[in-house]
Amino acid sequence: MENNVPEVRPSEPALSAAVAACRKLIEVRFPEPSHRGAAAMLLADGTVLTGTSPDATNPTVNLCHEVGPYCDAFRLGQPVVASVCLHRDPEGTFRVLSPCGVCLERLAVHGADVLVAAPQPTDVKEVQWITLRAALPHYWMLAFPEELVGW
C-alpha cells in the first residue's frame with residue numbers, strides 16, 4: 001500500500017470547511033425535506049471534494065457517498081487526509097455517519113493517520129475527528145506489516 005499522506009494534521013478551519021462543503025452539497029442538491037446524505041474529503045493540498053450516492057432501484061448496487069471524492073482524489077494524485085459523511089433527515093437534522101467498513105478499507109491506503117468523522121458520543125449531530133488507526137484498532141492488514149505502509 002502506498003502512503004503519500006503528509007505527517008501534518010489538517011487545521012481546524014480546513015476540517016470545518018470539509019464539513020461545511022458536505023452540508024452545502026446536501027442542501028443544494030436535495031432542497032426538499034427528505035433522507036439524504038453526502039460526503040466530503042479533504043486532500044493533502046487543501047482541496048475539498050464532495051460527493052453523494054445516486055439513487056438505485058436495486059439496493060445491492062448502491063454506492064457510498066464517499067466513492068466520488070475517493071475516485072477524484074486518486075485521479076488528481078492527491079492523498080486523502082480527512083473524510084466526513086453526513087445524513088440529513090426530513091426534519092433538517094444533520095447526523096454524522098462514521099465510515100462504513102468498505103470506506104474504511106478504501107481510506108486505509110492513505111495511512112493510519114487519516115482523520116475520519118465520527119459522531120460525538122453524546123450528540124450524533126456533532127463531529128469528532130478520529131484517526132483511521134483509532135477507527136480500526138484491529139485492522140486485518142496488521143497481520144502483513146511488510147505490506148502495510150503508514151501504519
Would you give the length of the straight line joining atom CE of M41 to atom CG of L115, rounded to the nearest 0.5 angstrom? 12.5 Å

Polar contact flag, side-chain donor to acceptor under 3.5 angstrom, W140-E105: yes

Between E66 and C103, is there a donor-acceptor pair closer than 3.5 Å when you use the side chain of the first and the backbone of the second? no

With a 4.5 Å cut-off on side-chain heavy atoms, are R88 and S34 touching? yes

Residues 70-80, side-chain donor-acceptor partners within the protein, below 3.5 Å, at least two apart:
unit_1, atom_1, unit_2, atom_2, d
Y70, OH, R106, O, 2.9
Q78, OE1, D45, N, 3.1

Least distance between heavy atoms, P137 atom then L142 atom: O-CD1, 4.0 Å

Could you walk me through whether L148 and Y139 satisfy the side-chain contact (heavy atoms from CB on, under 4.5 Å) test, starting with their C-alpha distance in whole Å, then the side-chain angles of each, then the deciding distance to 0.1 Å, before giving a yes or no? CA-CA 11 Å; L148 194 58; Y139 184 43; 4.0 Å; yes

Decide yes or no for V96 and E126: does some side-chain heavy atom of the first lie under 4.5 Å from some side-chain heavy atom of the second? no

Could you measure the distance from the CG atom of L107 to the CG atom of L136? Nearest 0.5 Å is fine. 9.0 Å

Looking at R29 and E32, does any basic side-chain N land under 4.0 Å from a carboxylate oxygen? no

Holding to side-chain hydrogen bond (donor to acceptor under 3.5 Å, both in side chains), I want the full list of residues that pass it with R133, two or more places apart in sequence or in another chain. D113

Please check this pair: side chain of Q120 against backbone of V127, looking for a donor-acceptor N/O pair closer than 3.5 Å. yes

Heavy-atom pair with the smallest gap, counting every atom of V48 and A21: CG1-CB, 3.8 Å

Once rounded to the nearest 0.5 Å, what's the spacing between atom NE2 of H87 and atom CD1 of I26? 8.5 Å

Determine the minimum heavy-atom distance between P33 and P90, stating which atoms define it. CB-O, 3.3 Å

Is there a donor-acceptor pair closer than 3.5 Å between any side-chain N or O of T52 and the backbone N or O of H65? no

Taking 4.0 angstrom as the limit, do R36 and D55 come out as a salt bridge? yes

